[in-house]
Amino acid sequence: MQVSETLMNTTHLDWSTLPDLEAELRLLEKAESERVLRQGARAGAGVFRDEARRRVKKRTGKLAKNIVSDTAKVTSSTKATAGVKVREEGKASNPRNAFYWKFIEYGTSTIPAAPFIRPAFEAKQEEAAQAVFMKCNEAIDKVLTR
């Protein structure tokens with residue numbers, strides 16, 4: 001399985017390097033295989049989300065609460081994408097708006113950077129890959145036992 005990162009901290013999982021899992025996915029109907037891939041991608045994104053929440057400096061907790069897993073998308077029979085994002089909705093006073101995360105992650109001219117998303121990705125790649133693999137195997141077993 002190949003894990004790659006884009007600028008938006010989205011993880012792309014390519015299953016073509018795992019022949020056994022790829023073969024099992026082909027056995028499933030299209031809808032079921034997409035469901036399995038989505039569940040696996042979400043599991044991996046959850047690992048990154050939890051690590052980012054753990055690493056962020058907490059003053060009020062608003063930023064940590066707004067670090068969420070993004071929707072998993074299936075792009076082919078062996079690829080799924082899920083991501084971690086920080087919600088930015090509405091006005092600054094909205095509890096679901098942590099627009100200032102960029103200033104903390106990348107810094108400003110007066111505030112030094114205190115990255116939390118990038119280090120979370122770098123630290124948890126192996127654990128996320130294991131979570132994806134385990135969740136996919138679990139979901140495949142569940143589908144095949146029906």
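For reference, positions follow the sequence shown, starting with 1.
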| said: Pair Val68, Val84 - check side chain to side chain contact (heavy atoms under 4.5 Å, CB included), show working. | reply: CA-CA 6 Å; Val68 295; Val84 173; over 6 Å; no
| message | Using side chain to side chain contact (heavy atoms under 4.5 Å, CB included), reason through Val86 and Phe99 one step at a time and then give a plain yes or no. | response | CA-CA 8 Å; Val86 179; Phe99 69 93; over 6 Å; no
| Partner set under side-chain hydrogen bond (donor to acceptor under 3.5 Å, both in side chains) for Glu89, not counting sequence neighbours | Arg96
| remark: Taken in chain and number order and not counting sequence neighbours, the residues that satisfy side chain to side chain contact (heavy atoms under 4.5 Å, CB included) with Pro115 are Glu105, Ala113, Arg118, Pro119
| request: Quick one: list whatever passes side-chain hydrogen bond (donor to acceptor under 3.5 Å, both in side chains) with Arg53, sequence neighbours left out. | output: none
| request: Check whether any side-chain heavy atom of Val56 sits under 4.5 Å from a side-chain heavy atom of Ile117, and report yes or no. | output: no
| How long is the gap from CG on Leu63 to OH on Tyr100, to the nearest 0.5 Å? | 5.0 Å
| Which of parallel (below 30°), tilted (30 to 60°) and perpendicular (above 60°) describes Tyr106 and Trp101? | tilted
| note | Contacts of Lys65 meeting side chain to side chain contact (heavy atoms under 4.5 Å, CB included) (sequence neighbours excluded), chain-then-number -> none
| note | Across all chains, not counting sequence neighbours, the salt bridge (Lys or Arg N to Asp or Glu O under 4.0 Å) partners of Lys102 are Glu88
| With sequence neighbours excluded, what pairs up with Asn66 under the side-chain hydrogen bond (donor to acceptor under 3.5 Å, both in side chains) test? | Arg87
Identify every side-chain donor-acceptor pair in residues 39-49 under 3.5 Å, counting partners at least two apart or on other chains, and give the distances.
unit_1	atom_1	unit_2	atom_2	d
Arg49	NH1	Ser69	OG	3.0

| message | Quick check: closest heavy atoms across Lys58 and Arg54, and the distance to 0.1 Å? | response | NZ-O, 3.6 Å
| Do other residues, nucleotides or ligands put more than 12 heavy atoms under 6.0 Å from the NZ atom of Lys142? | no
